[in-house]
Participant: 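Structure provided below as structure tokens; questions to follow.
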Amino acid sequence: MAATLPLILSLVTLSSLPLLSHSDVDSFIYGGCSQIKYTPNSPYESNLNSLLASLVNSATYSSYNNFTITGLSPNDVVYGLYQCRGDLSMPDCASCVARSVSQLATLCSQTCGGAVQLQGCLVKYDNSTFLGVDDKTVVLKKCGPPIGYNADAMGSRDAVLASMASASGPYRVGGSGDVQGVAQCVGDLSVSECGDCVSEAIGRLKSDCGTAVYGDMFLAKCYARYSASGVHPYFRTDDHDSSDEGQKTFAIIIGLFAGVALLIIFLSFLRKAFEGNGK
């Protein structure tokens, strides 16, 4: 089993965020998988299915959670977490996590580890524990086009980034003039670790993106993003109200989870019956 999760990233153009439609929340940012695969129909696969079902269920009532599913062998243990963006409603959080789990099934078929970051949430699992680990590895960097040095714009940007660096809590937003920013830590970090991670992401944004009109810096356990002049689609103001759609999706997710849970129980019953007959 692999000790770490080397991500083979599939990067795409970033699209929208706060105050946006439900489909924007589910849009893809990056994903990656470990190179080690598990054996089909193995205890690890059964544990992974249980883990992913637990993540989808938990997202109906909590914006962050992590789980560890153990087995008879240390090789069967699987660790996982999800993290929803701090401003999401529970229906949108549940929908986002369910969409991430669905994409993981396609992107990381039969791999021992995988991660998917959508605009609204992160889902990650692995056979080696990463829970509580302070990891500042750069996963994705994206800088907008340079606008040249503009003292007012850069001053506002630096003020926004500084305010987010000094703020408390895992989800942080800021604004100054035409510049807006957002940062968030994964929920398994301590208060001090979160602060260090956000500061690292912000420092990299300033050094790597220079005078770019917008920047995105995703580290393994946090991210920081900013936009000057509102050109980044993440910070686009949108009056679309997705609350009704979110409520409908919430009901659908509850139904889907119930179906997944019943399927897991049924498959477990069949396996036990088959093992009993084989004795």
Participant: So do Lys136 and Asp196 actually touch side chain to side chain, heavy atoms under 4.5 Å?
Facilitator: yes
Participant: Quick check: do Asp216 and Lys141 have side-chain heavy atoms less than 4.5 Å from each other?
Facilitator: no
Participant: Can you list every disulfide (SG to SG under 2.5 Å) pair that touches residues 167-196, not counting sequence neighbours?
Facilitator: Cys185-Cys194
Participant: Please round to the nearest 0.5 Å and tell me the distance separating atom CZ of Arg99 and atom OG of Ser27.
Facilitator: 9.5 Å
Participant: Where do Leu52 and Val101 come nearest, in terms of heavy atoms and distance?
Facilitator: CB-CG1, 4.0 Å
Participant: Can you tell if the side chain of Phe67 reaches within under 4.5 Å of the side chain of Leu81, non-hydrogen atoms only?
Facilitator: no
Participant: Distance only, no hydrogens: is a donor on one side chain within 3.5 Å (strictly under) of an acceptor on the other, for Ser128 and Tyr79?
Facilitator: no
Participant: Does Ala167 offer a backbone N or O that forms a donor-acceptor pair with the side chain of Arg172 under 3.5 Å?
Facilitator: yes
Participant: Within the side chain of Ser102, is there an N or O that forms a donor-acceptor pair under 3.5 Å with the backbone of Ala98?
Facilitator: no
Participant: To the nearest 0.5 Å, tell me how far Leu51 CG sits from Tyr44 OH.
Facilitator: 8.0 Å
Participant: Hey, are Tyr223 and Gln184 close enough side-chain-wise for a donor-acceptor pair under 3.5 Å?
Facilitator: yes
Participant: Are any non-hydrogen side-chain atoms of Thr70 and Asp76 less than 4.5 angstrom apart?
Facilitator: no
Participant: Say whether, by atom type as modelled, one donor and one acceptor occur between the side chain of Ser58 and the main chain of Ser54 under 3.5 angstrom.
Facilitator: no
Participant: Taking the two cysteines Cys121 and Cys96, decide whether their SG atoms are closer than 2.5 angstrom.
Facilitator: yes
Participant: Given side chains that start at C-beta, do those of Val160 and Gln180 come closer than 4.5 Å, heavy atoms only?
Facilitator: no
Participant: Pairs of donor and acceptor atoms involving the side chains of residues 109-116, under 3.5 Å and at least two apart or interchain, shall be tabulated with distances.
Facilitator:
from: Thr111; atom 1: OG1; to: Cys108; atom 2: O; distance (Å): 3.1
from: Thr111; atom 1: OG1; to: Gly113; atom 2: O; distance (Å): 3.0
from: Thr111; atom 1: OG1; to: Tyr125; atom 2: OH; distance (Å): 3.3

Participant: Got a donor-acceptor contact below 3.5 angstrom from the Thr39 side chain to the Ser42 backbone?
Facilitator: no
Participant: List the steps and the verdict of disulfide bond (SG atoms under 2.5 Å apart) for Cys197 and Cys222.
Facilitator: CA-CA 6 Å; Cys197 191; Cys222 71; 2.2 Å; yes
Participant: Evaluate the criterion side chain to side chain donor-acceptor pair (under 3.5 Å) for residue pair Ser100 and Tyr82; output intermediate values, then yes/no.
Facilitator: CA-CA 9 Å; Ser100 296; Tyr82 71 89; over 6 Å; no
